[in-house]
There are 2 protein chains.
Amino acid sequence: MAKRAVAAAGRGSGPILCCGAVTEAPLGEADAESLAGVLGALADPVRLRLLSIVASNEEVCSCDLEGPLRKSQPTISHHTKVLAEAGLIAGEKRGRWVWWRVVPSRLEAVRQALGG
Amino acid sequence: MAKRAVAAAGRGSGPILCCGAVTEAPLGEADAESLAGVLGALADPVRLRLLSIVASNEEVCSCDLEGPLRKSQPTISHHTKVLAEAGLIAGEKRGRWVWWRVVPSRLEAVRQALGG
DNA sequence: CTTATAGATTGACAATATTCGATTTATCCG
DNA sequence: CGGATAAATCGAATATTGTCAATCTATAAG
């Protein structure tokens, strides 16, 4: 066993809204909390840059994020965790490194929820 | 003069990103701040429900939001202000009331920025 | 086994955000 | 004018969040 999925739990799986989009009908409280959670994960400049770096490179190691983002290692770890728990990225541990990829379907789900 | 635009200033106008989307290339810091600002306005359950109510009704008076959202008047006022400054809704004061509408192009711009 | 390295976790602190009561401003009506 | 109503602003309490130093865990290499 050389691979291991990382941080795939949390609120990361399943649909964001039970049905429809923000623009279609008044949101229930549960749906609002759900969507706000994912949007909250996106609503940070460091996490947006992190996500865009991962999206631009197929696969990115955590260790390659400290440089471009100019944040400490614990901070990077915190942000990857937030994005992973929101289901927006998925990590795989290989040896000492964790490799991150975007989850395109999750981003698509966000756009849908926003009325896409 | 019976009409007046409300809270159209702030970061509300202009494009969210200078070019491309989060998924296309690493975001610059300015773009990241810009997008995070708009997403931050969306990343609150009360504001999402507020937005969905306005979107579902062409035009909604602030006074008609207190009931469904079950928040105090100052809280509603605060949230409409945040959404308006993000350019997501626009208000028009008519007499004693302020009528809110969504700005569909702004929501579309968010979806685009997210890789739509 | 020992050392080195990647990443996660913990704890603390500063900065922000949400919320509401009280007050103020603006507008309408009699 | 004076009373009533819609909304904005102010001030304060509370909760949440972003950040990093220090520490811990896991894996690789010698």
Side-chain angles (χ1 to χ4, degrees), chain A residues 1-11 29 32-33 36-51 54 59-67 69-86 89-100, chain B residues 1-11 29 32-33 36-51 54 59-67 69-86 89-100:
Chain A
M1 176 261 292
K3 297 176 167 195
R4 207 190 75 195
V6 163
R11 192 179 18 262
E29 306 204 8
E33 291 282 352
V38 184
L39 289 172
L42 287 169
D44 176 89
V46 175
R47 284 196 290 271
L48 283 174
R49 291 200 295 137
L50 195 164
L51 183 70
V54 174
E59 207 176 45
V60 174
C61 172
S62 285
C63 57
D64 289 329
L65 291 168
E66 285 183 50
L69 297 177
R70 285 181 312 171
K71 296 288 170 190
S72 70
Q73 179 270 318
T75 298
I76 301 292
S77 180
H78 166 68
H79 287 307
T80 50
K81 182 178 187 178
V82 171
L83 286 172
E85 283 180 347
I89 62 176
E92 188 181 295
K93 184 165 183 177
R94 292 206 290 269
R96 270 174 294 189
W97 296 272
V98 178
W99 294 90
W100 298 99
Chain B
M1 177 261 291
K3 297 176 166 196
R4 206 191 77 193
V6 162
R11 193 180 16 265
E29 307 204 8
E33 292 281 352
V38 183
L39 289 171
L42 286 169
D44 177 271
V46 176
R47 285 196 289 272
L48 282 175
R49 290 200 295 136
L50 194 164
L51 183 71
V54 173
E59 206 176 43
V60 175
C61 171
S62 285
C63 57
D64 289 329
L65 291 168
E66 283 182 51
L69 296 177
R70 286 182 311 172
K71 296 289 170 187
S72 70
Q73 179 269 320
T75 298
I76 302 292
S77 180
H78 166 69
H79 287 306
T80 51
K81 183 178 185 179
V82 171
L83 285 172
E85 284 180 346
I89 62 176
E92 188 181 295
K93 184 165 185 178
R94 292 204 291 270
R96 268 174 296 188
W97 296 273
V98 177
W99 295 91
W100 299 99

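Keep in mind that the numbers below use all heavy atoms, side chains included, and drop hydrogens, waters and symmetry copies. Residue numbers begin at 1 in each chain, while the letters A, B, ... track the order of the sequences. What you see is a predicted model, and the numbers here were worked out from it, not measured in a lab.
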If the sugar-phosphate is the primed atoms plus P, OP1 and OP2 and the base is the rest, what is the B/S/- string for nucleotides 16-23 of chain D, using protein heavy atoms under 4.0 Å?
--SBBBB-

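Judged as a side-chain contact (heavy atoms from CB on, under 4.5 Å), and not counting sequence neighbours, the contacts of Cys61(A) are Cys63(A), Asp64(A), Trp97(A), Trp99(A). Remark: Ser77(B) pairs with Gln73(B) by the side-chain contact (heavy atoms from CB on, under 4.5 Å) rule, at least two apart or across chains. With sequence neighbours left out, the side-chain hydrogen bond (donor to acceptor under 3.5 Å, both in side chains) criterion links Glu29(B) to Arg70(A).
Rounded to whole Å, atom P of dA8(C) lies 11 Å from atom CD of Glu66(A). For Ile76(A) and dT9(C), the CD1 to P distance is 16 Å, given to the nearest whole Å. For Glu33(A) and dT18(C), the CD to P distance is 12 Å, given to the nearest whole Å. Atom CG in Asp64(A) sits roughly 13 Å away from atom C1' in dG7(C) (whole-Å rounding). Separating the CG atom of Leu48(B) from the P atom of dA17(C) is a distance of 16 Å, rounded to the nearest angstrom. Atom-to-atom, CH2 of Trp97(B) to P of dA4(D) comes out at 16 Å; the value is rounded to the nearest Å. One atom, CG of Leu69(B), and another, C1' of dC20(C), lie 15 Å apart when rounded to the nearest Å. Put simply, CZ on Arg96(B) is 11 Å from P on dT27(C), counting in whole angstrom units.
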Evaluate the side-chain contact (heavy atoms from CB on, under 4.5 Å) criterion for residues His79(B) and Leu83(B): first the C-alpha distance (whole Å), next the side-chain angles of each, then the deciding distance (0.1 Å), finally the verdict.
CA-CA 6 Å; His79(B) 287 306; Leu83(B) 285 172; 5.6 Å; no

Please set out all donor-acceptor pairs under 3.5 angstrom arising from side-chain atoms of residues 38-45 of chain A, sequence neighbours excluded.
unit_1   : atom_1 : unit_2   : atom_2 : d
Asp44(A) : OD2    : Val46(A) : N      : 2.9
Asp44(A) : OD2    : Arg47(A) : N      : 3.0

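Expressed to the nearest 0.5 Å, how far CD of Glu33(B) lies from CG of Leu48(A) amounts to 9.5 Å. The CD1 atom of Ile76(B) sits 4.5 Å away from the CG atom of Leu69(B) when rounded to the nearest 0.5 Å. Summarising the geometry, atom CG belonging to Leu50(A) is positioned 7.0 Å from atom OG1 belonging to Thr80(A); distances are rounded to the nearest 0.5 Å.
Considering only side-chain N and O atoms, Lys81(B) lies under 4.0 angstrom from the phosphate OP1 or OP2 of dT9(D).
Trp100(B) approaches Val54(B) most closely through the heavy-atom pair O-CG1, 3.5 Å.
Taking the screw axis at each terminus of the helix from dC1(C)-dG30(D) to dG30(C)-dC1(D) from five consecutive base pairs, the angle between the two is 20° to within rounding of 10 degrees.
With dA6(C), dA8(D), dA8(C) as the choices, the nucleotide that has an atom nearest any side-chain atom of Val98(A) turns out to be dA8(C).
The residue Ser77(A) sits close to a base: some heavy atom pair falls under 4.0 Å.
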